[in-house]
Amino acid sequence: MEFVLYEVKGQVGIITISREKALNALNSTVLEELDKTLDGVDLNEIRCLILTGAGEKSFVAGADIGEMSTLTKAEGEAFGKKGNDVFRKLETFPIPVIAAVNGFALGGGCEISMSCDIRICSENAVFGQPEVGLGITPGFGGTQRLARLVGPGMAKQMIYTARNIKADEALRIGLVNAVYPQGELMAAAEKMAAGIAKNAPIAVRNCKKAINDGLEADMDDAIVIEEKLFGDCFETEDQKYGMAFFLDKNKEKVKEPFKNA
Ligand code: DAK
């Protein structure tokens, strides 16, 4: 692939958007390659993904303004659909995705990070939705996901003013979970991913689905969604092993890895 790298470390897959000269801006090729990369993830082996950008300056500086500037209405819609489809694929991907935001996350960059389950960032990270300054609205779900993550008041302030915020403010408003020195970001992401990967994989997947689907339902329906996904776990070997291990009083025993079965 030209702009997307994929690396496997144990049970963790690391996707790097690598178009450093344009600060990893999302053009059509990047979106297509991201889509193909996600389709190629071996879900029998990989239990958590990390999404990051190449270099130390930018995670993703937005959709490619050069490419967008000449789009016709029909081409704009096709570009928007390509982005929205891949962002939604990330959001509903069966396993958790951690965004390791290593610099600018503007426009489509902020939006792709919000399609991930968890965001952590480096101290030099900058978040923002600058679209109204370009004469457009956020188009890759920014109006929807930002409001859900940080609340409508703060989302409206960020989107209407197009003001960028730094890592410490992103942490304060709950847009990111933690901030690290640049040199420590990937190690922290990999440690978190490995921590997720060692837990019962079907249970983790069901938790993601319960949270995502439940947020789109009212509480009565959301609780039923949780009940069903909870019940499904009792058909897994991992549930039987996990509970038997806890109940076994032999202090010498060593916990075996979950089988994803
Ligand atoms: N697109 C294309 N190229 C970009 C870019 C971008 N978003 N951001 C940076 N670059 C390129 C610059 O043009 C420059 O290229 P050369 O001139 O070297 O060829 C190179 O990256 C380095 O950038 P700078 O020289 O500008 O670097 P600085 O450190 O001075 O500034 C910056 C860094 C991140 C503050 C600045 O580059 C910047 O403001 N970039 C634009 C940020 C931005 O406005 N992003 C939001 C884009 S709008 C849609 C769905 C979604 C969207 C639209 C439609 N539909 C549903 C249809 C999404 C829209 C957006 O994301």
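Because the structure is predicted, anything quoted here is derived from the model rather than measured. For reference, positions follow the sequence shown, starting with 1. Read the numbers this way: they start at 1 and go in the same order the structure lists the ligands and their atoms.
Within a 4.0 Å radius of atom 26 (O) of ligand 1, the protein contributes no heavy atom. Note that atom 17 (O) of ligand 1 has no protein non-hydrogen atoms nearby, at separations under 4.0 angstrom. Within the 4.0 angstrom cut-off, atom 30 (O) of ligand 1 has no protein heavy-atom neighbours. Counting only heavy atoms, the protein gets under 4.0 Å from atom 21 (O) of ligand 1. Checking atom 39 (O) of ligand 1 against the protein gives no heavy-atom contact under 4.0 Å. There is a protein heavy atom less than 4.0 angstrom from atom 7 (N) of ligand 1. For atom 43 (C) of ligand 1, a protein heavy-atom neighbour is found at a distance under 4.0 Å. Shown here, atom 34 (C) of ligand 1 is in close reach of the protein: a heavy atom of it lies under 4.0 Å off.
With hydrogens and angles ignored, the 3.5 Å screen pairs a side-chain donor or acceptor of Asp117 with a backbone N or O of Val97. Side-chain atoms of Arg119 come within 3.5 Å of backbone N or O of Ser113 as a donor-acceptor pair. Put simply, the side chain of Arg145 never gets that close to the backbone of Glu111: no donor and acceptor are under 3.5 Å apart. Between the side chain of Glu7 and the main chain of Ile14, no donor-acceptor pair closer than 3.5 Å is present. In terms of modelled atom types and a separation under 3.5 Å, the side chain of Glu33 and the main chain of Val4 share a donor-acceptor contact. When atom types are taken as modelled, the side chain of Asn164 and the backbone of Leu106 share no donor-acceptor pair closer than 3.5 angstrom. Using a distance-only test at 3.5 Å, with no hydrogens or angles considered, no donor-acceptor pair links the side chain of Gln11 to the main chain of Lys198.
Closest protein heavy atom to atom 15 (O) of ligand 1: Lys21 O, 4.0 Å. The single protein non-hydrogen atom nearest to atom 2 (C) of ligand 1 is Ile65 N, 3.6 Å, given as residue, atom name and distance. Of all protein heavy atoms, the one closest to atom 54 (C) of ligand 1 is Met68 SD, 3.8 Å. Protein heavy atom closest to atom 49 (C) of ligand 1, with residue, atom name and distance, is Gly139 CA, 3.8 Å. Looking at atom 24 (P) of ligand 1, its nearest protein heavy atom turns out to be Leu23 CD1, 4.6 Å. Distance from atom 46 (C) of ligand 1 to its nearest protein heavy atom, with residue and atom name: Pro130 CG, 3.6 Å.
Using a cut-off of 4.0 Å between Lys/Arg side-chain N and Asp/Glu carboxylate O, Arg172 and Glu169 are scored as salt-bridged. At a threshold of 4.0 Å, the pair Lys89-Asp35 counts as salt-bridged, since one of the basic side-chain nitrogens sits closer than that to a carboxylate oxygen.
Donor-acceptor pairing under 3.5 Å is recorded for the side chains of Asn124 and Ser122. Side-chain contact, Glu2 with Thr29: no donor N or O sits under 3.5 Å from an acceptor N or O.
Near Lys57, with a cut-off below 4.0 Å to any heavy atom, the atoms of ligand 1 are 27 (O), 28 (P), 29 (O). The ligand atoms of ligand 1 that sit less than 4.0 angstrom from a heavy atom of Gly80 are 55 (N), 56 (C), 57 (C). Short contacts between ligand 1 and Gly107, defined as distances under 4.0 Å to a heavy atom of the residue, involve ligand atoms 46 (C), 61 (O). Residue contact check: Leu134 has heavy atoms under 4.0 Å from atoms 44 (O), 47 (C), 48 (S) of ligand 1. When each atom of ligand 1 is checked for a heavy atom of Phe140 under 4.0 Å away, the hits are 50 (C), 51 (C). Atom numbering of ligand 1 starts at 1 in the shown order; those under 4.0 Å from a heavy atom of Asp64 are 1 (N), 2 (C). Of all the atoms in ligand 1, the ones that sit under 4.0 Å from a non-hydrogen atom of Gly108 are 60 (C), 61 (O).
Other residues, nucleotides and ligands contribute more than 12 heavy atoms inside 6.0 Å of the CZ atom of Phe234.
Using cut-offs of 30° and 60° for the angle between ring planes, the Phe140 and Phe87 rings count as tilted.
Under the side-chain contact (heavy atoms from CB on, under 4.5 Å) test applied with Leu185, the options Ile120, Val101, Val179 reduce to a single match, Ile120. A side-chain hydrogen bond (donor to acceptor under 3.5 Å, both in side chains) with Lys209 is found for one member of Asn212, Asn206, Asp213 and no other, namely Asp213.
Note: no N/O pair closer than 3.5 Å links Gly76 and ligand 1 by distance alone. Backbone and side-chain nitrogen or oxygen atoms of Ala25 are examined, and none is located within less than 3.5 angstrom of a nitrogen or oxygen of ligand 1. Below 3.5 Å of separation, one finds an N or O of Ala61 facing an N or O of ligand 1.
Residue Glu67 places every heavy atom at 4.0 Å or more from ligand 1.
For atom 60 (C) of ligand 1, the choice among Ala63, Gly141, Ala22 with the nearest heavy atom turns out to be Ala63.
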